[in-house]
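Following: one structure in structure tokens, then a few remarks.
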Amino acid sequence: APSPAAATVQIPPAPTPTGASSWLVMDYSNGQVLASQNPDQRLEPASITKVMTSYVVAAELKAGKIKRTDQVLISENAWRGGGGGTDGSTSFLPLNSTVSLDELERGMIIQSGNDAAIALAEHVAGSEQSFVDLMNSYARKIGMNNSHFMNPHGLSAPEHYSTARDLALLGRALIRDFPETYAYNSIKEYTVNGILQHNRNGLLWKDASVDGIKTGHTSAAGYCLLASAKRGEQRLISAVMGIQTASSAEGFRLRENGNLALLNWGFRFYESRTLYTPDKTISSPRVWKGAANSVALGVAAPFSVTVPRGKFDALKANIDVPKYIIAPLKAGQKIGTLRISLDGKVIAEAPLVAKTAVAEAGFFGRLWDGFLMWWDKL
């Protein structure tokens with residue numbers, strides 16, 4: 001007798017981080033959210049703000065506006081606002097001293113130095129407020145639609161907020177756009193001005209696959225952590241925000257355990273795979289009134305999907321292109337849409353673009369195709 005068919009095993013719900021107001025786990029390769037709770041709730045991000053500061057500094061470095069060897073003055077504003085005399089995290093930078101930009105950046109990322117963040121902001125943009133304008137401009141470019149920054153360090157301020165989704169998008173952008181800067185997040189300790197401090201991300205010691213990203217805490221924000229791990233070719237990003245507890249040890253434990261549980265769950269039950277790369281022709285539809293009779297269509301960037309493990313064979317691709325594609329066409333021009341479905345539900349889509357330009361045909365070629373199109377429509 002034939003064996004009975006195996007029952008489909010449902011993926012268990014994602015483990016809810018204890019005490020968190022908001023959380024999310026996202027696949028890095030495509031930005032797909034695997035699970036979340038209140039991902040768009042606006043909350044104070046505390047020192048996770050410094051990831052945005054890091055992104056702006058990296059972008060300005062790439063643009064050639066500043067250099068890692070720049071000597072940066074530790075102003076009175078940086079010293080008073082984020083120095084050793086404050087209650088926040090600090091790199092203990094002496095007043096009126098000069099420190100290389102690279103050293104400041106490491107101090108901000110690894111030690112979470114508020115003084116380092118302020119000094120970087122002043123050097124990059126002339127003032128904190130001008131730098132904040134840059135932060136918000138870059139945030140909009142990344143797609144952080146529910147974030148607004150008021151300072152470069154993350155201490156509480158009116159209208160200073162972000163969300164778990166936006167912070168995950170920010171982490172994804174930093175890893176993708178500036179991997180050299182992102183690598184600083186995995187450094188476990190750093191010495192500035194003779195003072196050794198450890199990275200506050202305890203997951204760096206708990207799991208070798210974790211290589212970032214940033215912790216945060218204020219009394220208003222609670223305990224927060226934006227984390228990322230890579231296992232094999234798959235990378236996930238998790239964000240846990242708003243854990244309120246009077247015990248710092250408990251806060252550290254809850255945010256670390258919450259993120260690690262989300263990452264473990266995501267890696268256990270989901271996998272990512274690149275389906276198409278820009279060098280692959282996906283379709284070659286007819287072109288009307290063109291110097292060529294067809295055009296090669298493909299994706300502009302690697303196109304990946306994340307699905308429950310063992311489900312890739314059930315994926316179905318659908319191509320949606322206009323019936324009449326009329327020249328001229330530019331290389332990179334969007335022509336249609338590629339959609340990937342699983343169990344009848346669209347789970348991912350990407351624009352199909354022309355891989356090469358197609359010029360108009362001559363007068364008689366256009367005339368003939370015009371006649372054929374008219375005939376075809378009858």
Would Ser228 and Arg235 count as a side chain to side chain donor-acceptor pair (under 3.5 Å) here? Give the steps.
CA-CA 7 Å; Ser228 183; Arg235 177 182 287 280; 2.8 Å; yes
Candidates Ile187, Asn185, Asn199 - the one meeting side chain to side chain contact (heavy atoms under 4.5 Å, CB included) with Leu204:
Asn199
Begin from the C-alpha positions of Asp133 and Tyr138 and carry the test side chain to side chain donor-acceptor pair (under 3.5 Å) through to its verdict.
CA-CA 9 Å; Asp133 292 340; Tyr138 278 109; over 6 Å; no
Would a 4.5 Å heavy-atom cut-off, applied to side chains only, mark [X] and [Y] as touching?
{"X": "Asn146", "Y": "Arg165", "result": "no"}
{"X": "Thr53", "Y": "Phe131", "result": "yes"}
{"X": "Val346", "Y": "Ile340", "result": "no"}
{"X": "Leu104", "Y": "Met108", "result": "no"}
{"X": "Leu101", "Y": "Leu120", "result": "yes"}
{"X": "Val210", "Y": "Arg231", "result": "no"}
{"X": "Ile237", "Y": "Leu226", "result": "yes"}
{"X": "Leu329", "Y": "Ile335", "result": "yes"}

Treat each ILVMFWY residue as a node, draw an edge where side-chain heavy atoms are under 4.5 Å apart, and state whether [X] and [Y] are in one component.
{"X": "Val295", "Y": "Ile282", "answer": "yes"}
{"X": "Val132", "Y": "Val57", "answer": "yes"}
{"X": "Ile109", "Y": "Met135", "answer": "yes"}
{"X": "Ile319", "Y": "Ile347", "answer": "yes"}
{"X": "Leu93", "Y": "Ile118", "answer": "no"}

Does the pair Gln111 and Ser91 meet the rule for a side chain to side chain donor-acceptor pair (under 3.5 Å), with working shown?
CA-CA 6 Å; Gln111 300 175 332; Ser91 292; 2.8 Å; yes
Look at [X] together with [Y] and state whether they make a salt bridge at an N to O cut-off of under 4.0 Å.
{"X": "Asp27", "Y": "Arg172", "result": "no"}
{"X": "Glu256", "Y": "Lys206", "result": "yes"}
{"X": "Lys230", "Y": "Asp211", "result": "no"}
{"X": "Lys311", "Y": "Asp343", "result": "yes"}
{"X": "Glu103", "Y": "Arg106", "result": "no"}

Donor-acceptor pair between [X] and [Y] side chains, under 3.5 angstrom:
{"X": "Tyr161", "Y": "Arg42", "result": "yes"}
{"X": "Glu128", "Y": "Asn77", "result": "yes"}
{"X": "Asn114", "Y": "Ser89", "result": "no"}
{"X": "Ser162", "Y": "Ser147", "result": "yes"}
{"X": "Asp102", "Y": "Ser100", "result": "no"}
{"X": "Ser47", "Y": "Lys214", "result": "no"}
{"X": "Glu122", "Y": "Ser75", "result": "yes"}
{"X": "Asp177", "Y": "Tyr182", "result": "no"}

Does Arg273 count as lying over the ring of Phe312, i.e. NZ or CZ under 6.0 Å from the six-ring centre, within 45 degrees of the axis?
yes
Short question: side chain of [X], backbone of [Y] - any donor-acceptor pair under 3.5 Å?
{"X": "Arg255", "Y": "Ala20", "answer": "no"}
{"X": "Ser186", "Y": "Gly212", "answer": "no"}
{"X": "Trp265", "Y": "Pro12", "answer": "yes"}
{"X": "Ser36", "Y": "Pro39", "answer": "no"}
{"X": "Asn151", "Y": "Gly154", "answer": "yes"}
{"X": "Thr90", "Y": "Gly82", "answer": "yes"}
{"X": "Glu60", "Y": "Ala125", "answer": "no"}

Does the pair Arg339 and Lys316 meet the rule for a side chain to side chain contact (heavy atoms under 4.5 Å, CB included), with working shown?
CA-CA 8 Å; Arg339 294 186 177 91; Lys316 296 185 182 300; over 6 Å; no
Rounded distance (nearest 0.5 Å) linking atom [atom1] of [X] with atom [atom2] of [Y]:
{"X": "Met241", "Y": "Thr163", "atom1": "CE", "atom2": "OG1", "result": "7.0 Å"}
{"X": "Arg286", "Y": "Ile326", "atom1": "CZ", "atom2": "CD1", "result": "11.0 Å"}
{"X": "Leu170", "Y": "Leu174", "atom1": "CG", "atom2": "CG", "result": "6.5 Å"}
{"X": "Ser29", "Y": "Gln234", "atom1": "OG", "atom2": "CD", "result": "7.5 Å"}
{"X": "Ser284", "Y": "Asn293", "atom1": "OG", "atom2": "CG", "result": "12.0 Å"}
{"X": "Thr306", "Y": "Gln32", "atom1": "OG1", "atom2": "CD", "result": "4.5 Å"}

Determine whether Lys50 and Ser112 satisfy the following criterion, side chain to side chain contact (heavy atoms under 4.5 Å, CB included), listing intermediate values before the conclusion.
CA-CA 8 Å; Lys50 296 183 177 88; Ser112 198; 3.2 Å; yes
Taking it one step at a time, do Val299 and Thr277 satisfy side chain to side chain contact (heavy atoms under 4.5 Å, CB included)?
CA-CA 7 Å; Val299 291; Thr277 53; 5.9 Å; no
Is it the case that over 12 heavy atoms from other parts of the model lie below 6.0 angstrom from the NZ atom of Lys65?
no
How would you list all residue pairs meeting ring-ring contact (aromatic ring centres under 6.0 Å, His included) that involve residues 188-237, not counting sequence neighbours?
His217-Tyr223, Tyr223-Phe252
Aromatic rings Tyr276 and Phe303: how do their planes relate, parallel, tilted or perpendicular, breaks at 30° and 60°?
parallel
In Trp374, Trp368, Tyr324, the residue satisfying ring-ring contact (aromatic ring centres under 6.0 Å, His included) with Trp288 is Tyr324
For Ile74 and Asn96, run side chain to side chain contact (heavy atoms under 4.5 Å, CB included): C-alpha distance rounded to whole Å, both residues' side-chain angles, the deciding distance at 0.1 Å, then the answer.
CA-CA 5 Å; Ile74 307 306; Asn96 294 327; over 6 Å; no
Have a look at Thr49 and tell me which of Glu44, His160, His153 forms a side chain to side chain donor-acceptor pair (under 3.5 Å) with it.
His160
Listed partners of Arg176 passing side-chain hydrogen bond (donor to acceptor under 3.5 Å, both in side chains), at least two apart:
none
